[in-house]
Each structure stands twice: as structure tokens, then as C-alpha cells.
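Encoded as C-alpha cells, the structure appears first; notes follow it.
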There are 2 protein chains.
Amino acid sequence: MSLGVVLQVRDGVLQVLLWQRARAPFEGSWSLPGGYLVPDETLETSIRRHLADKVDVRELSHLEQLETLSDPQRSPQEWQLATAYLGLVPSELDPRVPSDTDWHPVDGLPALAFDHEAIVLAGRERLRAKLSYTNLGFALAPAEFTISELRDLYAAALGHDVSATNLQRVLLRRRVLEGTGRLRPPGPAGGRPGALFRFRKQTLEITDQFAVLRPPGPARVPVA
Amino acid sequence: MSLGVVLQVRDGVLQVLLWQRARAPFEGSWSLPGGYLVPDETLETSIRRHLADKVDVRELSHLEQLETLSDPQRSPQEWQLATAYLGLVPSELDPRVPSDTDWHPVDGLPALAFDHEAIVLAGRERLRAKLSYTNLGFALAPAEFTISELRDLYAAALGHDVSATNLQRVLLRRRVLEGTGRLRPPGPAGGRPGALFRFRKQTLEITDQFAVLRPPGPARVPVA
DNA sequence: AGAGTTTTCGCCCCATAGTCGTAAACCTTA
DNA sequence: TAAGGTTTACGACTATGGGGCGAAAACTCT
């Protein structure tokens, strides 16, 4: 079967989409959305199909495979293999979810069915790691944003403060962000209008090249 | 079913363990070792069991899950899910392998059965990436080694030259390596004896902390 | 006009990577 | 024993890029 860890930053907090089980085992407790495969179906197709009831597929800005769980004890009744996926939803969207489904802060989860808590935490770790060496932030952020807004998104996803100055310089240097010409008008409290940025690419790319593994030679990427 | 991409640096070249199929489909062509699960078996147990015929399990210095393949077209006959694992063997070992099994350089593979070529390349990419931001090198290297030997290992696995000076400084600073007191006597051509090093840990650890995701504050890890 | 807010940007420090050149330690051969 | 060749070790220098700070800019409101 396939399971989905769907994450979104809501109200400044990283949250996960959970579904309340209607049947035993673990009747009534919260669990990850997902379900069985049908014949000749890709795992990715399967999780997209199961998620379609919960979130509009077009609202998923990113979907990648996490891992496949196979512990014989993970389900109390039958031996069940499950492949977990990580899905991300941009923070400006508010998908309509069914009544048995709701968002829960990843810090402070209720008791989850099966091994789903560990899967959620694995998804959060994957997100945190990739935020640093890829452009995965595009999947959390709206189409346009100020640096302050992006800093709050990163802080929520990473779980600690982020320096806005640094974030801007680093992401610009890595050519992850680019400025639109536009400005965001200040709020009722006033303040200087913030410049609006966007991610250059909407697909996953590795932005960090490491020291020892970088091919030698004086040729360096031009700053352009 | 489970599949294993078992990599080792042999003769200064990154090689993968392949098995020649005895039955259709793809009879006679090379493929990854692996096979079906038995009930109540973990995927990791399964791949270890299937690999036991090829390589002594104790010779595997590292084993981690790569991904689960589910394309309905990946097997010409039946719909088949397969979970691929990446296994590593230290370069000083030379496992006895059956006659239908042999090592092949990852650069210059023969035509492989199913989608196995893509899986091998995915395994190589995982190795290359993790060599840079983890201590995964421990799984390729012998118990003790000189910096030159380690440099050759890294160069083979990464596919490009590596500076020995840099490699030593970086891995020492990250506290990935530590010096044993010993020296390796020079070869017949002479030369200064090389100092012997070892990896501090034999389990996977992340050694690189990234800029923007690093928690703020002046506190830095003491150089000790 | 002045006070309060928020964003922007320049400046400086420092940690670490990359390169190079020289010294050290060993072999073989004359 | 001296000289030349080979390999490793290590210091010096440079470049890059992150981290932090503070001042300036651009607003709103009173």
C-alpha cells in the first residue's frame, strides 16, 4: 500500500494532513492517508489517487518517495508493506479537506496508528535536509514572497530561527531566488515595502556542491 | 521482491556485483542479485538472505534502502514491485562469488535486464552524494589506510580527481578521520612512509552542517 | 514634522576550502 | 657514501562564502 506524509506550513507552523480511521484496527485514531494499490498501478499513481479525496492533486507542489516499510509487526493483523511518500503544499493554499481529515502540527502530534508517527518524523527530516542543499523551498512558498515571509516559512519548517539577511544572500548567490521587480505594500503598521522574490525553478534541483567531491580545476561558475 | 546494488572499488574502479540470469525473461543477460520475499520477512532481511549466496553478509559494510520501483512495464511478464538496496563492500575484501556472478565496472556496464541499469546508476549517485556530506567513506575503505589510498578510493567512487591535501584536511577537521600512530612502509619504489588513518565511526553519520539551516548563535563546535 | 515599523544593504570578521611549493623520509644505483 | 628518483607531509597563501551587526531607506500613523 501507499502512504502520504503531506506537509504544509499553516499559521506559521509545520503541519501534516491526518485522517481519522473509521475501522479497526486503531479505529478512531489518527493516521496517514493512503491505501491499497490496484493492479498495474504505479506507487506514485496510487498515492496520488488516494490523496485525491483529501487534497486536490494540483495543489501538491512536490511529491517524492520516502521509504518502504516492511516490519512484520508494523500492522497488528496482517503483514503489510507500505511505501511512504512526502508531499508538500504551498503555504498560500487552503485545500478543502473532508470532515474526517485535518491538519495537525508536526510538533505535538496525537497518538498515531501503526508506525505512522515515525513516518511523519522521517518526512520532516527529509524536508529539513533538502531545504538546505536543494531548492525545495519552492514547494513550501507561494509564487511570490518577501524575504521576511520566506524566512518565516524556513523557520517553521526547520524548527529554529533563520537570519533573513543570510537567507537572502545565500539563496541569491546560489541562484535559487530571483527578484521580480515588484514590491509588497506595507501592512497597517507601516514599514518599508518588501521586495518580492520568486524561486527560479519549480522542480527539484541540487544547489550545493561539496568540497571534496567537486571536480578540480580553476573553472568556477561565473557570478554573472 | 528485493534487489541489491552491491558496490566495491576494485582495481581502482567502482564496480557492481551482477548475476547472469539462468531463466527467461532476459535469459543470459546480467542483472542485479535479489529475489522474492518470504512471509513475515523484512525487506532488509530479504535482500541479506538473497545476497548471502553471492557475498558473505559479514562483508557488507553498509546497507541502505534506495527506492521502490513500481512501473507496470518494468517487467515484461508480470507486474512486479521491487525495492532496491545499496550495499557496500570495503575495498580490501575479495568475496568468493559463484561462477554465475561477477563484478562489472559501473562505467561500462553490459546490457542489463529489466530496469536494472537505472537502478545501478541511482545507487552510484546515492553513494557519490553521501560521500560528500557523511562519513560513508568508512564503508569503502579498509580498516587502516594512508591518505593516498583514501584519495584513490574517493577518486574511483566519485569519478574525478581528488586533492589529497584537501581530503586530509577536510576529513580531519570534520572529525571523520583520526590518525593511528602507525606508518605504512614504503613500496619498492621508495618514498616517504605514509601515516595510517582510520574512520572514527563505522556507522553512518552526517558530518556537514549547512549554512541557512544551522541554528543561530555564536556557539560553535570546539576544535578540541 | 516626528515617532514607530519594517525592510534593505553595506561592512567586517572568520571559518573553511583550494592551490602550490617545499621539506621530509625512503628507495635504488653509481 | 653520495646522488637521483619517488612518495608523503605540511606549511603558506588565496579565495569564497557564511554570520552578525548596525545604519540607512521607505513606509504609516499621529
Side-chain angles (χ1 to χ4, degrees), chain A residues 131-133 144-152 154-155 158 160-177 179-197 207-224, chain B residues 131-133 144-152 154-155 158 160-177 179-197 207-224:
Chain A
L131 274 182
S132 61
Y133 65 93
E144 294 191 346
F145 45 84
T146 67
I147 292 296
S148 305
E149 293 162 2
L150 188 65
R151 168 175 55 84
D152 293 340
Y154 270 72
L158 293 174
H160 63 73
D161 282 356
V162 172
S163 150
T165 302
N166 228 13
L167 186 70
Q168 171 172 8
R169 247 185 320 118
V170 169
L171 294 187
L172 276 181
R173 184 191 305 265
R174 292 182 185 171
R175 313 213 49 181
V176 170
L177 297 186
T180 79
R182 284 187 288 281
L183 299 177
R184 154 111 54 231
R192 177 172 175 168
L196 287 171
F197 293 83
T207 66
D208 233 75
Q209 286 295 34
F210 288 91
V212 194
L213 73 45
R214 183 157 37 204
R220 200 61 63 90
V221 182
V223 188
Chain B
L131 274 182
S132 61
Y133 65 93
E144 293 191 347
F145 45 84
T146 67
I147 291 296
S148 305
E149 293 163 2
L150 188 66
R151 167 174 55 84
D152 293 340
Y154 269 73
L158 293 174
H160 62 73
D161 283 356
V162 173
S163 151
T165 302
N166 226 16
L167 187 69
Q168 172 172 4
R169 245 188 320 113
V170 169
L171 293 188
L172 276 181
R173 181 186 307 265
R174 292 182 185 171
R175 314 216 48 182
V176 170
L177 297 185
T180 79
R182 283 188 288 282
L183 299 177
R184 153 112 52 229
R192 176 171 174 168
L196 287 172
F197 292 83
T207 66
D208 232 78
Q209 286 296 35
F210 288 89
V212 194
L213 72 47
R214 183 158 36 203
R220 199 64 62 92
V221 182
V223 187

Nearest to the side chain of [X], which nucleotide is it out of [options]?
X        : options                : result
B:Val170 : C:dA17, D:dT7, C:dC27  : C:dA17
B:Arg174 : C:dA17, C:dT19, C:dT8  : C:dA17
A:Arg192 : D:dA9, D:dA26, D:dT28  : D:dA26
A:Arg173 : C:dT19, D:dC27, D:dG17 : D:dG17
B:Pro193 : C:dC27, C:dA25, D:dT6  : C:dA25
A:Thr165 : C:dT6, D:dG20, D:dA9   : D:dG20

Distance in angstrom units between [X] [atom1] and [N] [atom2], rounded:
X        : N      : atom1 : atom2 : value
B:Arg184 : C:dC27 : CZ    : P     : 15 Å
B:Arg151 : C:dT19 : CZ    : P     : 14 Å
A:Leu172 : C:dT8  : CG    : C1'   : 12 Å
B:Phe145 : D:dT8  : CZ    : P     : 14 Å
A:Tyr154 : D:dG19 : OH    : C1'   : 18 Å
B:Leu196 : D:dT7  : CG    : C1'   : 14 Å
A:Asp161 : D:dC21 : CG    : P     : 13 Å
A:Arg175 : D:dG17 : CZ    : P     : 13 Å

- prompt: Hey, which of these two, A:Phe197 or B:Pro186, hits DNA chain C nearer its 5' end, going by closest nucleotide?
  reply: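 That would be A:Phe197.
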message: Just to be sure I understand the rule, does B:Ala164 reach a base, reach only the sugar-phosphate, or reach nothing, if contact means heavy atoms closer than 4.0 Å?
response: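 Since no nucleic acid heavy atom lies under 4.0 Å of B:Ala164, the category is nothing.
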task: Report which part of the nucleic acid A:Pro185 touches: base, sugar-phosphate, or nothing (heavy-atom distance under 4.0 Å, all strands).
output: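 No contact.
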- prompt: So does A:Arg169 reach the base of C:dG10 with its side chain, donor to acceptor, closer than 3.5 Å?
  reply: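 Side chain to base: no pair present.
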- prompt: Any side-chain N or O of B:Ser148 less than 4.0 Å from the OP1 or OP2 oxygen of D:dT8?
  reply: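 Affirmative; the distance criterion is met.
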Phosphate contact (C:dA17 OP1 or OP2) by B:Asn166 side-chain N/O below 4.0 Å: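 No, outside the criterion.
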query: Side-chain contact, heavy-atom cut-off 4.5 Å: B:Leu183 with B:Leu196?
result: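 In short, these two side chains do not touch, never coming nearer than 4.5 Å.
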- prompt: With a 4.5 Å limit on heavy-atom distance, are the side chains of B:Tyr154 and B:Leu167 in contact?
  reply: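 Side-chain contact under 4.5 Å: yes.
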Contact summary for [X] and [Y], nearest pair of heavy atoms:
X        : Y        : result
B:Leu177 : B:Leu172 : O-CD2, 3.5 Å
B:Glu144 : B:Arg184 : O-NH2, 4.0 Å
B:Ser163 : B:Arg151 : C-CD, 4.1 Å
A:Gly191 : A:Pro186 : O-CB, 3.1 Å

- request: Return the set of residues passing side chain to side chain donor-acceptor pair (under 3.5 Å) with A:Gln168 (not counting sequence neighbours), or none when no residue passes.
  value: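 Checked A:Gln168 against side chain to side chain donor-acceptor pair (under 3.5 Å); zero matches.
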query: Which value, rounded to the nearest 0.5 Å, describes the distance between A:Asn166 atom CG and A:Arg173 atom CZ?
result: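 Between atom CG of A:Asn166 and atom CZ of A:Arg173 there are 10.0 Å.
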message: Could you write out DNA chain C as dot-bracket? Rules: Watson-Crick or G-U wobble, both distances under 3.5 Å, brackets [ ] for crossings, | for pairs with another strand, dot for unpaired.
response: ||||||||||||||||||||||||||||||
